[in-house]
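Here the structure comes first, spelled out in structure tokens, and everything after it is commentary.
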2 protein chains.
Amino acid sequence: MFSKSCEYGLRAVLFIAKQSTADTKVSLTTISESIDSPQAFTAKILQQLTKSGFVQSSKGPYGGFFIEKENLPTIKLSDIVSVLDGDSIYTGCGLGLHQCNEKEPCPLHFKFVKIRENLKNMLETNTLSMVVKDMNSDIFHLKI
Amino acid sequence: MFSKSCEYGLRAVLFIAKQSTADTKVSLTTISESIDSPQAFTAKILQQLTKSGFVQSSKGPYGGFFIEKENLPTIKLSDIVSVLDGDSIYTGCGLGLHQCNEKEPCPLHFKFVKIRENLKNMLETNTLSMVVKDMNSDIFHLKI
DNA sequence: ATAATAAAGGATAATTTTGTCCTCTATTAA
DNA sequence: TTAATAGAGGACAAAATTATCCTTTATTAT
């Protein structure tokens with residue numbers, strides 16, 4: 001479904017978001033240990049996310065990654081996915097055709113449209129605050 | 001969503017299925033030209049599909065690939081996807097966790113379940129005959 | 001039997017994705 | 001101003017996916 005980058009990225013963002021509700025910055029080491037991801041690779045992903053503005057970072061002692069509290073209700077899961085995987089997952093043809101649309105559909109076009117709409121809708125309606133709220137229940141986890 | 005192998009494989013299977021309704025065998029060259037896929041790579045994919053039994057082949061002149069007519073109503077899209085991409089797309093965690101289930105869910109587990117069920121259902125309810133029927137309408141295409 | 005056709009299969013190459021390592025820069029406290 | 005901490009960024013490496021090439025095997029018609 002998603003690339004490894006996107007999987008790690010989403011897990012990292014959810015972890016950072018959770019900590020940010022308590023105004024806690026988190027270091028790369030803490031993040032990669034908490035979400036069980038390769039550290040250096042995770043660093044690259046976080047670079048993309050800070051460049052895109054969804055995640056903030058500060059260098060030096062007491063530095064780390066965080067997300068501005070006021071942004072938690074506005075950042076959608078789809079924002080993160082778009083940065084890391086583009087939006088071919090929403091728009092691309094299930095059979096990999098370049099031109100596949102209502103007028104020139106592949107034989108599965110109308111069947112895939114529904115599924116993609118579902119996915120798109122789920123990712124666009126869920127904000128970081130909404131997901132973080134769920135994470136207060138301790139049945140949810142981000143590793144293994 | 002799917003790997004390139006799976007995209008080419010599905011396109012090839014749909015093309016072969018269509019021709020098979022008219023008892024026509026099709027050569028690799030015809031297939032790869034008709035679905036606009038790399039020929040040698042498509043050959044490898046077809047090897048997997050013949051080994052799995054969903055596609056038949058015969059060597060020599062007048063040979064080629066075909067699907068037994070009586071199998072068209074029983075072969076589901078999910079069968080082809082399973083051969084080429086496995087079924088991690090149905091069972092895998094959206095965030096890439098190894099252990100993610102009802103009891104130990106990732107924070108997005110219950111949201112992803114619905115989407116995966118949708119996809120699974122679509123692929124399992126659509127047989128080759130059903131899709132081939134649609135393909136009689138000439139708005140549908142398999143290339144570009 | 002021979003030539004032609006077409007898939008099967010092994011070896012290899014190119015590309016993309018995933019992952020690591022090392023140095024540079026910024027920040028903080030002492 | 002120095003030492004320690006932590007992200008940024010460039011270069012490189014490993015692995016997986018995608019793709020090609022060439023030889024072998026099977027089948028058919030002549």
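Since this is a predicted model, take the numbers as computed values, not measurements. A note on names: the letters A, B, ... follow the listed sequences, proteins ahead of strands, and every chain is numbered from 1.
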Heavy-atom count check: over 12 atoms from other residues, nucleotides or ligands less than 6.0 Å from A:Glu70 CD? yes
Could you check whether any side-chain heavy atom of B:Gln19 comes within less than 4.5 Å of a side-chain heavy atom of B:Thr30, counting everything from C-beta outward? no
May I ask you to evaluate whether A:Ser57 reaches the phosphate of D:dA8, defined as a side-chain N or O under 4.0 Å from OP1 or OP2? yes
Sorted by chain and residue number, the side chain to side chain donor-acceptor pair (under 3.5 Å) partners of B:Thr42 (sequence neighbours excluded) come out as B:Ser37
Qualifying ring-ring contact (aromatic ring centres under 6.0 Å, His included) pairs, either residue in residues 42-92 of chain A, two or more places apart: none
Below 4.5 Å, heavy atoms only, C-beta onward: do A:Glu102 and A:His109 meet side chain to side chain? yes
Assess whether one donor atom and one acceptor atom, taken from the side chain of A:Gln47 and the base of D:dG7, lie less than 3.5 Å apart. no
Which part of the nucleic acid, if any, lies within reach of B:Val55 when heavy atoms closer than 4.0 Å are counted: base, sugar-phosphate only, or nothing? nothing
Within residues 14-25 of chain B, which residues have any heavy atom lying less than 4.0 Å from an atom of DNA chain D? none
Tell me the interatomic distance from B:Gln48, atom CD, to C:dG9, atom C1', rounded to whole angstroms. 13 Å
What is the separation between atom NZ on A:Lys51 and atom P on D:dG7, rounded to the nearest whole Å? 16 Å
When you check the gap from the basic side-chain N to the acidic O, do B:Arg116 and B:Asp87 get nearer than 4.0 Å? no
When the distance from CG of B:Leu49 to P of C:dG9 is rounded to whole Å, what number comes out? 13 Å
Tell me the interatomic distance from B:Leu46, atom CG, to D:dT18, atom P, rounded to whole angstroms. 15 Å
Is there a path of hydrophobic side-chain contacts, each under 4.5 Å between heavy atoms of I/L/V/M/F/W/Y residues, joining B:Phe41 to B:Leu14? yes
Stepwise side-chain hydrogen bond (donor to acceptor under 3.5 Å, both in side chains) check, A:Asn118 with B:Lys114: CA-CA 9 Å; A:Asn118 260 299; B:Lys114 291 179 194 160; over 6 Å; no
Could you state the atom-to-atom distance from CZ of B:Phe66 to P of C:dA7 in whole Å? 11 Å
Please lay out, stage by stage, how A:Thr91 and A:Ser88 fare under the test side-chain hydrogen bond (donor to acceptor under 3.5 Å, both in side chains). CA-CA 5 Å; A:Thr91 59; A:Ser88 71; 5.8 Å; no
Any B:Thr50 side-chain nitrogen or oxygen under 4.0 Å from OP1 or OP2 of C:dA8: yes
Hydrophobic clusters join Ile, Leu, Val, Met, Phe, Trp and Tyr when side-chain heavy atoms are under 4.5 Å apart, directly or via other members; which others share one with B:Phe140? A:Phe110, B:Ile139
Could you give the distance from OH (B:Tyr8) to CG (B:Leu46), rounded to the nearest 0.5 Å? 13.0 Å
Whole angstroms only, please: what is the CD1-P distance between A:Ile31 and D:dA6? 12 Å
Need the bend value for the helix from C:dA1-D:dT30 to C:dA30-D:dT1: angle between end axes, 5 pairs each end, nearest 10°. 0°
Go along nucleotides 18-28 of chain C 5' to 3' and tag each nucleotide: B for a protein heavy atom under 4.0 Å from its base, S when only backbone or sugar atoms are that close, - otherwise. SBB----BBBB
Whole-Å distance separating the CG atom of A:Leu28 from the P atom of D:dG7: 6 Å
